[in-house]
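Here it is, the structure in full.
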Amino acid sequence: MSSSKHRAGRHFLQIPGPSNVPDSVLRAMSQAVVDHRGPDFPQLTLGILDQLKPVFNTQSPIIIYPSSGTGAWEAAIVNCLSPGDKVLAFETGWFASLWKSMAEKLGFEVEWIEGDWRHGVDPTVVEEKLKADSSHEIKAVCVVHNETSTGATSRIGEIRQAIDASNHPALYLVDTISSLACVDYRHDEWKVDVTVSGSQKGLMLPPGLGFNAISEKALDASKSAACNVSYWSWQDMIDNNKNGVFPYTPATNLLYGLKEALRLLHAEGLENVYQRHARLAQATRIAVETWGLENFCVVPEEFSNSLTAVVMPDGHDADALRKVVLENFDMSLGTGLGKVKGKIFRIGHLGDFNELMLTGTLSGVEMGLGLAGVPHNKGGINAAMEFLTQS
Ligand SMILES: *Cc1c(COP(=O)(O)O)cnc(C)c1O
């Protein structure tokens, strides 16, 4: 892809985030920057905070940081934990591993449950580990809802039940960066203490906003937690947000975009948004199966509706396939991260996405498999079309 060569038509951005941004969101962001302490700003902030609530399914405070998702991870742990605190975390993939190493760098002790990256978190292991911790040394359980590196989801409601069954007071922290606004998520009902999210995946925005939804229990914990917090301080944000302002300059134009993205989500209806993701994900899996390729996630109930990670046949490099697809068809597919580099590629099917974008995406993959000489059966795209017309 040389920079001098013009490619006609739209690039297909089918990585699992950043996802495609709707034109109306791009247009909303192209408005003039305003005074974030001026008279009109509080209305924008308060409207957004209100419209975000049903996306997280919460009545609790939601904080919007000008940050990547990684910043929102850090905010979650430094606000409600104290240096040296122990957290329980699970190796579901690359993102869970990054969150773990962040916690270690920040001086927390991580009890790390190793995994093969092909499963979500096992709720029975959560219950077992918490029951064994009779002195309540574990202060938080950290779970990634949708492992974007593997296409496996964790069952957040069932893990809640496991925490309850163990009668353990640990806080429950959940990363929903690539699941929020893609699948049903219930911050209040599942008694999640901090829900971490980001703008550039299901929320259909460019990168640059991080979110924390905070339970009362987490907010209470933050009052006695002993980490030094300044930029990430929940309390400063909550105090300012009550009046529709921020303790420092917010990402004004991303907020314009967020307002429009929320309008689109509510106009479609969140239930319909989730059903659309489920349907397009299923069509993708049907194509993969028809090609005779393997879904990296091995538990059907944990298949992601945001992305599908596909295992390459032995002796074939996923990044070579991705290069063929990019050069010939101007489509970006997700690379394998960390230890699965070259072994899997990922098809993003989240955010602003529909049937014809999906069939275009699957055609690009199928043609790429042929050009790259990857052994497969033809007709994945036909099987997906068959499903889409019959369901
Ligand atoms: C993308 C992603 C992150 C990292 O977000 P950044 O915005 O890149 O910092 C963390 N967790 C999950 C599950 C993600 O999908």
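Note that ligands are numbered from 1 as they come in the structure, with each ligand's atoms numbered from 1 the same way. Residues take their numbers from the sequence shown, with the count starting at 1.
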- prompt: Which bit of T70 gets closer than 4.0 Å to ligand 1, counting heavy atoms only: side chain, backbone, both or neither?
  reply: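 Both the backbone and the side chain of T70 come within reach of ligand 1.
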
- request: Heavy-atom distances under 4.0 Å are what count here, so tell me which part of L98 touches ligand 1: side chain, backbone, both or neither.
  value: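 It is neither part, as no heavy atom is under 4.0 Å.
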
Residues R263, E260: salt bridge by 4.0 Å N-O rule: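 Result for this pair is yes, salt bridge flagged.
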
- request: Could you establish whether W73 and ligand 1 come within less than 4.0 Å of each other, counting only heavy atoms on the residue side?
  value: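 The answer is yes: ligand 1 sits under 4.0 Å from a heavy atom of W73.
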
Short N or O distance, T148 and ligand 1, threshold 3.5 Å exclusive: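 Yes, T148 has an N/O under 3.5 Å of an N/O on ligand 1.
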
query: Between K201 and ligand 1, is there a nitrogen or oxygen pair with a distance under 3.5 Å?
result: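 Looking only at distances, the answer is yes, because the N/O contact criterion of under 3.5 Å is met.
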
query: Do the rings of F41 and F246 sit parallel, tilted or perpendicular, given the 30° and 60° boundaries?
result: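 F41 and F246: perpendicular rings.
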
message: Measuring centre to centre across the rings, with the benzene-like ring taken for any Trp, is Y172 within less than 6.0 Å of W190?
response: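 That pair fails the under 6.0 Å test.
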
query: Can the ring centres of H349 and H277 be said to be less than 6.0 Å apart?
result: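 So the answer is no for these two rings.
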
Nearest neighbour of atom 5 (O) of ligand 1 from the list S149, G69, P207, on a heavy-atom basis: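 Ranked by closest heavy atom to atom 5 (O) of ligand 1, first place is G69.
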
Protein contact of atom 4 (C) of ligand 1 - nearest heavy atom, named by residue and atom, plus distance: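 Residue, atom and distance for the closest contact: F95 CE2, 3.9 Å.
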
message: Using a 4.0 Å cut-off to any heavy atom of V144, which atoms of ligand 1 qualify?
response: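 Near V144, the atoms of ligand 1 are 13 (C).
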
message: Checking a contact table here: which protein heavy atom is nearest atom 11 (N) of ligand 1, and how many Å away?
response: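 So the nearest neighbour among protein heavy atoms is D175 OD2, 2.7 Å.
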
message: What I want to check is whether the side chains of D319 and T335 have a donor and an acceptor closer together than 3.5 Å.
response: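 Yes, because at least one side-chain N or O of D319 sits under 3.5 Å from a partner of the opposite role on T335.
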
task: In plain terms, say whether R285 and E289 are close enough for a salt bridge, that is, a side-chain N and a carboxylate O under 4.0 Å apart.
output: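 No, no charged N to carboxylate O under 4.0 Å.
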
task: Just say parallel, tilted or perpendicular for the rings of Y231 and Y65, cut-offs at 30° and 60°.
output: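 Geometry flag for Y65 against Y231: parallel rings.
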
query: If you count the atoms of ligand 1 from 1 in the order shown, which ones are under 4.0 Å from a heavy atom of N146?
result: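 Those of ligand 1 that fall under 4.0 Å from N146 are 13 (C).
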
- request: Tell me, please: is Q200 in heavy-atom contact with ligand 1, that is, under 4.0 Å?
  value: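 It does; at least one heavy atom falls under 4.0 Å.
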
task: Decide yes or no on side-chain contact (heavy atoms from CB on, under 4.5 Å) for M357 and N20, but give the supporting numbers first.
output: CA-CA 11 Å; M357 292 164 88; N20 296 289; 3.9 Å; yes

